[in-house]
Number of protein chains: 2
Amino acid sequence: MTGATLAVRDSGPMNAPLSARDHTRNLKRERILDVAAELFFVKGFHGASMENLCSALGVTKPFIYYHFKSKDEILLALYLASVNSALEVARAARASSDDPVAQLKTFARTYAMLVLTDRQRIALISREKGLLNAEQMRDVTALGRAFLDVLSGLMADGVKAGAFRIDDPALAAHEVNGMIAWAINWYNPSGRRTPQDIADHMEDAALRLVGIATNWPKAEGGPGA
Amino acid sequence: MTGATLAVRDSGPMNAPLSARDHTRNLKRERILDVAAELFFVKGFHGASMENLCSALGVTKPFIYYHFKSKDEILLALYLASVNSALEVARAARASSDDPVAQLKTFARTYAMLVLTDRQRIALISREKGLLNAEQMRDVTALGRAFLDVLSGLMADGVKAGAFRIDDPALAAHEVNGMIAWAINWYNPSGRRTPQDIADHMEDAALRLVGIATNWPKAEGGPGA
DNA sequence: GTATGTTTATACCACGCGGTATAATTCCGG
DNA sequence: CCGGAATTATACCGCGTGGTATAAACATAC
């Protein structure tokens, strides 16, 4: 919301609005994180070495250690960025309308787009668990819980409004989340389907999942062929 | 189906029905695989060392290397066992009835049970990709594709029968699969929900996901209150 | 009771890992 | 054009890794 999803080193006594230096610093950090996410996605966190990261970036090792103090800190930053963006999507969907049905449609579409376009980062949340200790993961865990709470709240509102035919909002939240997030495991960027196509389908599927009958078939003609 | 899901060393000229020796050998292998799955689930494949595995098993390193020729072979065996059991579940569901609706119900329930009770092994399929080369993964990939084909076939039959209100069977297969399989990421064995509870809900959710309205509310009284 | 299959004990290896040290250098905003 | 920040170059360290060697001990079936 405030614009800075990643922790930003405050420079000086006040929380000054990003000096030019800090700005470029953050750009470098972002670049490192991007390449690291791709590497971790392909080879796994432990499978990707810092030397791999160096050569992929075309830099030397001290360069990276100038910007991050350890490999773990890179992973943590990736965790936080991912779960933060997911939380933002959920909150934005909640704020987008008063109607739970519209909220769910917005959520499903934008969340699917996030997952499909940012899958290398998003995938880390589910794949690389337990690599950091609980203390380090505290914020990540809290944000993840917040994400699910927002989504559960959406479901509960849909039930209250008499629109959703589900009997367990928390479980329905997991189901919608899983249905969409699982795409990280099968989506092929070089395949036929575009993220927009998939997001469209996910929107409809989310509605069906909460018990809302969608128009069918797509062209009019009534059910039953 | 035939009883042996894992590759069994054939002992002798004929494919003899498991000598006592081979039998115990397979038990040992299974025990190793079980503990390895737990370790890989918690610490990741690269994060879990062979020494970790040794002490968890209470054996020495040559013992393991007597039964498996490398760490990779252990991972591969786990892959195969997992994807095989998923495929068996899908095929059994297909064979359980002529009615696609009944097939889907059976699939959702049994697949959810498999995921929840075997999540440490199942999770590997989605988490540890790209660690083995394509050649080694050939069989795993083929079985995974077969699993999705069976599921897509179920969906297509449901459409043909006029029971499912979906317009893309392959995508619906991914959606149902994801909705259920994602449980590996949130299910807590020491939580309130039992696998049976969850499987029940997943069965209903799968029906809704393909556009079948379930009875609602659970107790009669008609919709709207 | 002996041959074969299985497991331990113990020690080892080469390698890649995350991370650091230090000095020299290049960049660039004020 | 200077001075501090950023980056390279290069070399190194200790450690844990996957995997192996070798010899001895145990089990067990025939």
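In what follows, every chain begins at residue 1, and chains take the letters A, B, ... in the order their sequences are listed. Given the structure is predicted, the values throughout are model-derived calculations rather than measurements.
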Starting at the 5' end of DNA chain C, which residue's closest nucleotide do you reach first, A:Ser49 or A:Pro62? A:Ser49
Report the relative orientation of the aromatic rings in A:Phe45 and A:Phe40; use parallel for angles under 30°, tilted for 30 to 60°, perpendicular for over 60°. perpendicular
Could you tell me the separation between the NE2 atom of B:His67 and the P atom of D:dG18, rounded to a whole number of Å? 19 Å
Minimum-distance nucleotide (side-chain atoms of B:Lys28 versus C:dT20, D:dT8, C:dT7): C:dT7
Length of the OH-P vector between B:Tyr65 and C:dT8, whole Å: 15 Å
On the nucleotide C:dT7, are OP1 or OP2 found under 4.0 Å from the side-chain N or O atoms that B:Tyr66 carries? no
How many Å lie between CZ on B:Arg29 and C1' on C:dT6, as a whole number? 15 Å
Starting from the 5' end of DNA chain C, give me the residue, A:Lys69 or B:Thr24, whose nearest nucleotide shows up first. B:Thr24
Provide, to the nearest angstrom, the distance between the CZ atom belonging to A:Arg25 and the C1' atom belonging to D:dA5. 9 Å
Go nucleotide by nucleotide along DNA chain D from the 5' end; which of A:Thr60 and B:Asp72 gets its closest nucleotide reached first? A:Thr60
In whole Å, I'd like the distance from the NZ atom of B:Lys43 to the P atom of D:dG16. 12 Å
Just checking, any donor-acceptor pair under 3.5 angstrom between side chains of B:Asp72 and B:Ser70? no
Is the backbone N or O of A:Ala93 less than 3.5 Å from a side-chain atom of A:Ser96, with the two atoms forming a donor-acceptor pair by type? yes
For the rings on A:Phe147 and A:Tyr111, is their centre-to-centre separation under 6.0 Å? yes
Expressed in angstrom and rounded to an integer, what is the separation of A:Lys61 atom NZ from D:dA11 atom P? 14 Å
Between atom CD in A:Glu73 and atom P in C:dG18, what is the gap in whole Å? 15 Å
Return no unless some side-chain N or O of A:His46 is found under 4.0 Å from OP1 or OP2 of C:dG18. no
Return the value, rounded to whole Å, for the distance between atom NZ of A:Lys71 and atom C1' of C:dG16. 11 Å
Side-chain H-bond candidate by donor/acceptor type, A:Thr194 with A:Asp197, under 3.5 Å: yes
